[in-house]
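Everything below concerns the one structure shown next.
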Amino acid sequence: MGATCITITDKPNDGFWDKVLGRLKFKPYINGPLCSHYEKKIDAIDGDIDYVLSVRGEYTPISVLDKLRNKFPNAKLVLYMWDSIINNKGIEKKWDSYDEVWTFDRKDYLQYKDRLKFLPLYYCEKVLPEDYEKAEKKYDIAFIGTGHEDRVSIIKAVDEQCREKGLKFYYYIYMPHIFVFYYNKLFNPYFSHVKKKDVQFGFLPLSEVYRIYSEASCVLDVESSTQTGLTMRTIEILGLKKKLMTTNKDVVNYDFYDDNNVCIFDRNNGKVDVSFFDREYHELSEKIYNKYSLREWVLTLLNQ
């Protein structure tokens with residue numbers, strides 16, 4: 001949109017140990033490599049900037065936010081939380097360091113209306129496959145996502161039902177590291193019957209994810225059990241004009257909800273409703289589709 005943008009990753013590397021040490025708030029890591037990473041990037045910025053947009057904000061120390069504030073006193077600091085507060089412990093301590101704090105979680109917003117603003121996630125319109133509405137349908141249901149909590153057991157239950165009902169189900173269960181897989185095998189009761197061959201350790205590009213979704217009639221969404229905000233998958237499906245089968249009951253409170261397009265699936269004892277696939281998708285207004293695009297998300301956050 002014509003802006004000059006500078007990106008600083010929220011940690012030196014996106015590897016397994018950086019995530020673990022940052023999440024555990026291990027002080028030698030925070031005060032050493034993490035702060036050093038930020039300071040080098042910030043010191044290298046010449047001139048003034050208008051906005052600082054922090055996404056999730058879990059790893060960014062308050063001292064770094066203070067440094068940004070001091071170096072760019074005219075900049076507007078904005079935090080966007082794409083995770084629920086319960087999954088981002090201690091984030092409230094950082095709110096005072098920002099001019100505005102936004103959340104994707106409607107229930108978090110309702111609880112902290114005096115501090116938070118509400119904005120759901122987005123779909124990336126520039127990554128939508130060409131002629132995605134005319135893509136050949138290869139699957140009845142598709143799922144792509146990280147295997148955590150009870151998600152894998154739900155996916156395997158859906159797979160079993162699809163086999164019984166003659167539905168084609170594509171799933172890609174991603175695990176960020178082999179250590180994470182074995183940790184779940186040891187401590188997650190839902191992983192007792194999960195085998196290494198059931199999961200994938202390679203990360204799919206967003207363009208590939210969108211392509212697979214475009215080839216399905218419906219996409220399965222299983223949110224974290226501690227989260228009520230809509231996943232990015234939910235909004236991506238909206239952008240792709242696909243049907244959605246989701247375990248998130250809060251979806252009924254959003255303006256794009258249409259029971260012809262969205263099916264609520266009980267995460268504890270869900271039954272795949274074959275009749276849901278027989279109904280035609282209901283087109284929504286262009287105003288709704290545009291509202292959830294990445295462009296509108298950015299403009300809303302920066303109050304443009």
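Here the structure is a predicted model, which means the values were calculated and not measured.
- Checked by atom type, the side-chain pair D255/Y292 shows a donor-acceptor distance below 3.5 Å.
- A side chain to side chain contact (heavy atoms under 4.5 Å, CB included) with F265 holds for exactly one of V272, D273, T246; it is V272.
- R295 CZ: 12 or fewer foreign heavy atoms inside a 6.0 Å radius.
- In the displayed structure, K249 atom NZ is contacted under 6.0 Å by at most 12 heavy atoms of other residues, nucleotides or ligands.
- Within 6.0 Å of atom CZ in F203, 12 or fewer heavy atoms from other residues, nucleotides or ligands are found, so the atom counts as exposed in its surroundings.
- Contact between D150 and R267 at its shortest, heavy atoms only, is OD1-NH2, 2.7 Å.
- Within the 4.5 Å cutoff, side-chain heavy atoms of Y29 are placed close to those of K11.
- By the side chain to side chain donor-acceptor pair (under 3.5 Å) test, N188 is found to be paired with N184, residues two or more places apart in sequence or in another chain being considered.
- Between W297 and Y122, the two ring planes are tilted [angle within 30° to 60°].
- Y38 and T60 form a side-chain donor-acceptor contact under 3.5 Å, judged by distance and modelled atom types alone.
- Looking at every heavy atom in both residues, Y59 comes nearest to D18 through CE2-O, 4.1 Å.
- In this structure, a donor-acceptor pair under 3.5 Å is present between the side chains of T231 and D221.
- Ring geometry, Y170 versus Y139: the interplanar angle falls from 30° to 60°, so the pair is classed tilted.
- Between the CD1 atom of I212 and the CD1 atom of I144 there is a distance of 4.0 Å, given to the nearest 0.5 Å.
- A salt bridge does not link D50 to K76: none of the charged nitrogens lies less than 4.0 Å from a carboxylate oxygen.
- Rounding to the nearest 0.5 Å gives a distance of 10.5 Å between CE of M81 and OG of S54.
- Of the possible polar contacts, one joining the K137 side chain to the A135 backbone as a donor-acceptor pair under 3.5 Å is found.
- Between the side chains of D266 and N269, not a single donor N or O lies within less than 3.5 Å of an accepting N or O.
- Taking all atoms of both residues into account, the shortest heavy-atom contact from C124 to L206 is CB-CD2, 4.2 Å.
- A salt bridge links E208 with R211: the closest approach of a Lys/Arg side-chain nitrogen to an acidic carboxylate oxygen falls below 4.0 angstrom.
- Counting heavy atoms from C-beta on, the side chains of M175 and V194 never come closer than 4.5 Å.
- N261 and H282 form no side-chain donor-acceptor contact under 3.5 Å, judged by distance and modelled atom types alone.
- Judged by distance alone, with hydrogens and angles left aside, the side-chain atoms of K242 form a donor-acceptor pair with the main-chain N or O of A216 at under 3.5 Å.
- Contact between F276 and N260 at its shortest, heavy atoms only, is CE1-O, 3.4 Å.
- A side-chain N or O of E100 and one of N303 form a donor-acceptor pair less than 3.5 Å apart.
- With no hydrogens or angles considered, no side-chain donor-acceptor pair links D140 and S217 at under 3.5 Å.
- Under a cut-off of 6.0 angstrom, the local environment of NZ in K41 is sparse, with at most 12 non-hydrogen atoms contributed by other residues, nucleotides or ligands.
- Between the OG atom of S36 and the CG atom of N31 there is a distance of 11.5 Å, given to the nearest 0.5 Å.
- Nearest heavy atom pair, residue D105 against residue T103, reads N-OG1, 3.0 Å.
- There is no path of hydrophobic side-chain contacts, each under 4.5 Å, that joins I154 to I264.
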ring-ring contact (aromatic ring centres under 6.0 Å, His included) between F181 and F179, worked out
CA-CA 5 Å; F181 171 76; F179 290 160; over 10 Å; no
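- Under the 4.5 Å side-chain heavy-atom criterion for Ile, Leu, Val, Met, Phe, Trp and Tyr, V20 and F26 are members of distinct hydrophobic clusters.
- In terms of heavy-atom proximity, S84 sits nearest to F104 at N-CE2, 3.5 Å.
- A cation-pi arrangement is absent between K243 and F277, since the terminal nitrogen or guanidinium carbon is not both under 6.0 Å from the aromatic centre and inside a 45° cone about the axis.
- Hydrophobic cluster membership is shared by I42 and L77, with clusters built from Ile, Leu, Val, Met, Phe, Trp and Tyr side chains linked at under 4.5 angstrom.
- The side chain to side chain donor-acceptor pair (under 3.5 Å) check on Y80 picks up nothing, with sequence neighbours excluded.
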